[in-house]
Amino acid sequence: MTPEEKTLYKLTKARKKEERLHEALHKIEPKELSETTHDPEILTPEEHFYFLKMGEKSKNYVPVGRRGVYRGVILNMHLHWKKHQTLKVIVKTFSPDEVKEIASELARLSGGIVLDIQENETIVMYRGKNYSQPPTEIMNPRETLSRKKALDKSKYRDALRAVKKYIPRLEQDLDLLQAQAETKIITSEEKDVDFESPSNQEFEGSDRLKKLLARNDFNKENDESNVDSDIRSDSEALSDMFETDLESENEVKEEKPLYMDEFEKIPADSDGDEDDFEEHLRRISADSRKEKNSDRDEELADLDEIDRMVLRAASLLKKKRK
């Protein structure tokens with residue numbers, strides 16, 4: 001079974017169960033309904049305030065459980081009213097609207113007066129001004145259910161609530177599954193259309209690829225030819241440059257004279273004696289030393305005292321190493 005069929009099966013089953021519970025509740029309800037209307041006594045505001053405070057302070061109470069209102073609850077109320085004027089009815093398993101219905105039903109069946117409903121769970125009731133214990137027919141009215149039937153009614157009622165909450169969830173799940181099935185059908189149709197078209201698209205794509213590859217081959221050939229021509233032109237240019245450099249170097253070498261030729265051109269102050277020549281060389285070296293010393297003095301003048309001390313120390317170290 002598909003998920004859609006499963007949810008449909010569950011939904012039909014839940015609806016059938018709902019119908020069966022409605023029929024069971026209709027059967028279990030009491031057939032003889034009281035035609036008498038409840039006519040409560042009219043209380044003044046002072047009396048209402050007085051009896052309400054009395055009921056809040058009193059400790060006697062009657063609990064109402066999952067069975068709801070049945071014969072035993074009415075009987076317990078009348079037994080409490082033998083000695084106490086007020087009474088608390090505690091209801092905890094029902095909603096606020098159901099508590100109001102229970103209060104009106106208790107007033108109708110017991111003949112008492114509802115003073116107040118506190119915190120949606122406690123009903124304060126007053127027995128009446130001229131109260132006298134009623135006969136057993138009123139204390140155990142036939143309109144109410146017995147203990148066992150009241151329990152069955154509560155079971156059917158709880159099951160009906162659960163089914164009413166469960167049916168909308170199944171309907172939502174069914175709608176979602178139907179929507180998903182429709183989308184799958186639409187997507188499958190679109191895929192079929194797409195599968196038909198790719199054959200032509202593949203041929204067109206292959207033709208385009210062939211054209212692009214041919215263009216790339218042609219461009220590569222052109223690039224290679226251009227590269228070869230560029231390399232050749234570059235090599236020729238480099239050869240020309242090397243040739244020109246060599247020629248210029250040769251010209252420079254030819255133009256440069258030897259050192260001896262220059263040395264011979266130095267004018268001699270003496271008449272050609274060796275002693276005069278040595279003196280001439282000494283003068284030249286002395287002049288060069290003086291220039292160097294003057295340059296050093298100028299540099300030292302620009303420097304600070306610390307820098308001068310460093311330079312002197314460096315010079316002394318050089319002398320010691322020598």
Side-chain angles (χ1 to χ4, degrees), residues 1-31 33 63-70 73 89-106 117-123 144-217:
M1 289 177 72
T2 60
E4 189 174 355
E5 291 176 353
K6 286 180 181 179
T7 51
L8 273 171
Y9 175 72
K10 289 178 182 179
L11 186 62
T12 53
K13 196 173 180 182
R15 284 173 179 169
K16 286 180 181 178
K17 188 176 182 181
E18 187 180 7
E19 291 176 359
R20 281 190 275 107
L21 290 169
H22 278 297
E23 290 176 359
L25 284 170
H26 184 69
K27 285 179 181 178
I28 207 167
E29 287 288 340
K31 295 178 180 179
L33 296 173
V64 176
R66 60 177 296 183
R67 292 181 177 83
V69 178
Y70 66 101
V73 175
V89 181
I90 296 170
V91 185
K92 288 187 177 180
T93 58
F94 295 92
S95 64
D97 295 331
E98 290 175 345
V99 171
K100 290 179 182 178
E101 291 178 0
I102 288 167
S104 61
E105 190 174 359
L106 288 171
I117 299 170
Q118 295 176 349
E119 298 177 359
N120 294 322
E121 62 180 13
T122 56
I123 303 166
T144 57
L145 297 171
S146 63
R147 187 181 177 85
K148 185 180 179 182
K149 287 184 178 180
L151 182 62
D152 294 336
K153 183 181 177 181
S154 68
K155 288 178 181 178
Y156 295 147
R157 186 174 60 245
D158 295 338
L160 186 62
R161 285 177 186 168
V163 169
K164 284 181 179 179
K165 288 180 181 179
Y166 185 57
I167 286 168
R169 294 178 187 174
L170 290 172
E171 290 176 351
Q172 287 179 358
D173 294 337
L174 185 63
D175 293 335
L176 286 170
L177 291 169
Q178 289 175 355
Q180 288 176 1
E182 289 176 358
T183 52
K184 284 181 182 178
I185 291 164
I186 292 164
T187 52
S188 62
E189 290 177 356
E190 289 177 355
K191 284 180 181 178
D192 293 334
V193 173
D194 293 333
F195 280 127
E196 291 175 358
S197 59
S199 59
N200 297 323
Q201 289 178 359
E202 286 177 359
F203 288 117
E204 291 176 359
S206 62
D207 295 332
R208 288 179 183 174
L209 284 170
K210 288 177 182 178
K211 289 178 181 179
L212 289 169
L213 290 169
R215 285 181 184 175
N216 288 326
D217 294 333

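Index from 1, following the sequence.
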Restricting to side chain to side chain donor-acceptor pair (under 3.5 Å), what partner residues turn up for Q118, sequence neighbours left out? E56
Residues in side-chain contact (heavy atoms from CB on, under 4.5 Å) with Q172, at least two apart? none
What salt bridge (charged side-chain N to carboxylate O under 4.0 Å, His left out) pairs are there with at least one residue in residues 154-163, not counting sequence neighbours? R66-D158, E98-R161, D158-R161
Measure across F94 and V64 and return the closest heavy-atom pair with its distance rounded to 0.1 Å. CE1-CG1, 4.4 Å
Grab the two heavy atoms, one from Y70 and one from A150, that are nearest each other, plus how far apart they are. CB-CB, 4.0 Å
Inter- and intrachain pairs under side-chain hydrogen bond (donor to acceptor under 3.5 Å, both in side chains), touching residues 16-25, at least two apart: none
State which residues pass side-chain contact (heavy atoms from CB on, under 4.5 Å) with K6; sequence neighbours excluded, sorted by chain then number. M1
Provide the closest heavy-atom pair for A14 versus L170 in the form atom of the first, atom of the second, distance. CB-CD1, 4.3 Å
Just one of T122, L106, I123, V69 clears the side-chain contact (heavy atoms from CB on, under 4.5 Å) bar with V91, so which one? I123
Test of understanding: with side chain to side chain donor-acceptor pair (under 3.5 Å), list the residues that count as partners of Y156, not counting sequence neighbours. none
Can you tell me how far the CG atom of D97 sits from the CD1 atom of I102, to the nearest 0.5 Å? 11.0 Å
Rounded to the nearest 0.5 Å, what separation is found between the CG atom of L174 and the CG atom of L11? 6.5 Å
Just grab all the salt bridge (charged side-chain N to carboxylate O under 4.0 Å, His left out) pairs involving residues 164-184, residues at least two apart or on different chains. R15-E171
Residue set satisfying side chain to side chain donor-acceptor pair (under 3.5 Å) with E29, at least two apart, ordered chain then number -> K153
Just verifying a value: how many Å separate K92 NZ and E119 CD, rounded to the nearest 0.5 Å? 10.0 Å
Hits for side-chain contact (heavy atoms from CB on, under 4.5 Å) against K100, two or more places apart or cross-chain, chain-then-number order -> I117
